[in-house]
Protein chains: 2
Amino acid sequence: MSAASKVKVPRKRNVPDVDTSRRQQLLRASARLFREKGYDGTSVRDIAQATGMQSGSWVYHFATKHDMLEAVMQEGLVDALARIEAIAALGLPPRQQFDQLVRTHLDTLLGAGQDFIPVVLYEWRSLEPAARRRVSVLLKRYEAVWEQALAQLRAAGDWSGTTRIDALLLFGALNWVARWYDPRGTLDVQGLADECIRFFLRTPPASDRRSKSSGRAQRAAR
Amino acid sequence: MSAASKVKVPRKRNVPDVDTSRRQQLLRASARLFREKGYDGTSVRDIAQATGMQSGSWVYHFATKHDMLEAVMQEGLVDALARIEAIAALGLPPRQQFDQLVRTHLDTLLGAGQDFIPVVLYEWRSLEPAARRRVSVLLKRYEAVWEQALAQLRAAGDWSGTTRIDALLLFGALNWVARWYDPRGTLDVQGLADECIRFFLRTPPASDRRSKSSGRAQRAAR
DNA sequence: TTTATTCAAGCAAGCGCTTGCTTTACGATC
DNA sequence: GATCGTAAAGCAAGCGCTTGCTTGAATAAA
């Protein structure tokens, strides 16, 4: 290997924003690996290598591998929560609010470099009970935003069911998308969001930003 | 533990139905453990212990641990497929057929001792590519039954969307149930099926067997 | 005797994490 | 302004344990 292997990264001390460089790199790498191979299928050596470290150097930033998992989930949820609570704060009409929530949720799930929320969804079992309780707090807030949005839809006559179960079924349909959606297919995320909204509400999306793909583009490979 | 730990199981040779005792025990134990702890989180020693074997004795029945995973999935899918293809063969009216499919799917997912299909759904990543291709054949047949049922619903005017994507969203809502449904809650599986059907079709179930819990019982804990 | 099945022991590799030491940056001191 | 102490950050090695799987002998039924 040539020059690139010995590039010196300047080290800093007392950095103002505490999560600049190395810790954040570890989080991104582990989020990606946890998503791709699962928590148990990822070794700390994998994570270290993806970050360009020796196999034991990560302990300076996290006490245990489990702590890395919890940090990935916390980080992902804090970010996702900020996005949807910002939408809820806009006070949009129920239909438009619902549209925005669906689009944002799908982007959080499928967007480029968005590995954190899939880890929350699909590695939940690997969380230790104490960490599970802590992360649950954020998750409940996330669900609460949706339940309130559904309640508003219902008040406007656009929804019929019991809020709690409907929210869970709706989450299922949306979250499962991470299993089958192929970003290389002809259906982009906006088009997929259109399909989801139509599936949930039985009417075309209320939002003004329709997908540019006019036809009924559909393709999903496994 | 008392007498039960040393009971001698008589051994047979050339048993007519090839999967009577030990191999089947291994499959059931590994299905349960794979579901509870994941493929990577389950060791062959866990499986052996749950079956009452020494840690290396399972190799007589399966070549590798991966083969056990594939066998669990094959077994689960062959069984589930038989159930829903039997329903499709009845030639019921579309609404009633859909009802039966939903109820059967949920029972396959949530019924007592039904660990095989959750493993198919949530341990897919741990399948090696060759095995994945083999299991996919059954999975596609399973999905085809649903897509045909949706097409019939659509022809009868009870469904509006594109069959493929709708089937995937529908699978998501149903399969996610395995994550949150609590069998100890006040909502039994039949009641849950009612809720799902209402969610999908926006009308009460067509089937004659309504849940006995008349009220809108709902509860789901994690 | 033959064949099916299991046991008891263990091997090589990989696991999470620890240890002891070195390098680097920065503030205080002379 | 050169020197030094301190602490952040990382390297190289490896420890104790677990992993999937193998081996060779033992047991039981046909």
Side-chain angles (χ1 to χ4, degrees), chain A residues 1 4-30 33-34 37-72 123 126-128 131, chain B residues 5-27 29-30 33-34 37-72 123 125-128 131:
Chain A
M1 45 197 76
S5 64
K6 268 295 180 180
V7 169
K8 303 227 170 175
V9 176
R11 300 179 189 173
K12 293 186 182 177
R13 199 156 40 116
N14 285 340
V15 273
D17 50 336
V18 76
D19 280 336
T20 329
S21 165
R22 221 55 175 161
R23 183 188 152 100
Q24 207 64 20
Q25 278 181 265
L26 280 167
L27 277 184
R28 274 200 302 271
S30 57
L33 289 168
F34 288 162
K37 315 202 294 174
Y39 176 80
D40 286 319
T42 302
S43 72
V44 292
R45 284 169 176 80
D46 293 335
I47 298 171
Q49 189 178 14
T51 322
M53 281 180 163
Q54 290 301 108
S55 64
S57 300
W58 56 272
V59 284
Y60 187 82
H61 303 277
F62 298 94
T64 65
K65 185 188 172 190
H66 274 112
D67 283 1
M68 298 184 76
L69 177 62
E70 180 179 355
V72 165
E123 302 301 323
S126 298
L127 263 191
E128 285 170 335
Chain B
S5 63
K6 267 294 181 181
V7 169
K8 300 227 172 177
V9 177
R11 300 179 192 172
K12 291 186 181 179
R13 195 150 51 109
N14 284 340
V15 273
D17 51 335
V18 77
D19 280 337
T20 330
S21 167
R22 220 56 174 168
R23 183 187 153 101
Q24 206 64 20
Q25 279 181 265
L26 280 168
L27 278 184
S30 56
L33 289 168
F34 288 162
K37 315 202 293 174
Y39 176 80
D40 285 319
T42 302
S43 72
V44 292
R45 283 168 175 79
D46 293 335
I47 299 171
Q49 189 180 12
T51 323
M53 281 179 160
Q54 290 300 109
S55 65
S57 301
W58 57 272
V59 284
Y60 186 81
H61 302 278
F62 298 93
T64 66
K65 186 189 172 189
H66 274 113
D67 282 1
M68 299 184 75
L69 178 61
E70 180 179 355
V72 166
E123 302 301 322
R125 172 178 49 202
S126 297
L127 262 192
E128 285 170 335

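Proteins get letters first, then strands, A, B, ... in listed order; numbering begins at 1 in each.
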Q. Which whole-number value in Å describes the distance from A/M53 CE to C/dG16 P?
A. 16 Å
Q | side chain to side chain donor-acceptor pair (under 3.5 Å) partners for A/E123, two or more places apart | A | B/R125
Q: Write down the distance between CZ (A/R22) and C1' (D/dG10), rounded to a whole number of angstrom.
A: 8 Å
**Q.** Inter- and intrachain pairs under salt bridge (charged side-chain N to carboxylate O under 4.0 Å, His left out), touching residues 45-58 of chain A, at least two apart
**A.** A/K37-A/D46
**Q.** Heavy-atom closest pair, residues A/L127 and A/A131
**A.** CD2-CB, 3.8 Å
Q) What residues in residues 58-65 of chain A put a non-hydrogen atom under 4.0 Å from any atom of DNA chain C? A) A/W58, A/V59, A/T64, A/K65
Tell me which donor-acceptor pairs under 3.5 Å the side chains of residues 48-59 of chain A have, and how far apart each pair is, sequence neighbours excluded?
unit_1	atom_1	unit_2	atom_2	d
A/T51	OG1	A/I47	O	2.7
A/W58	NE1	A/S55	O	3.1

Q) So does A/Q54 get a side-chain nitrogen or oxygen closer than 4.0 Å to the phosphate oxygens (OP1/OP2) of D/dA12? A) yes
(Q) Return the CG to CE distance between A/L33 and A/M68, rounded to the nearest 0.5 Å. (A) 9.0 Å
Q: Look up atom NZ in A/K65 and atom OG1 in A/T42, then write down how far apart they are to the nearest 0.5 Å.
A: 6.5 Å
Q: Whole angstrom is fine here: how far is it from CZ in A/R23 over to C1' in D/dG10?
A: 17 Å
Q | First encountered from the 5' end of DNA chain D, between A/S57 and B/H66 | A | A/S57
Q) Under the ring pair (Phe, Tyr, Trp, His ring centres under 6.0 Å) test, which residues partner B/F34, sequence neighbours left out? A) B/Y39
(Q) Expected output is a numbered-order residue list: members of residues 40-50 of chain B with a heavy atom under 4.0 Å from any atom of DNA chain C. What is it? (A) B/R45
Q | Shortest non-hydrogen contact between B/A71 and B/L27, atoms and distance | A | CB-CD2, 3.7 Å
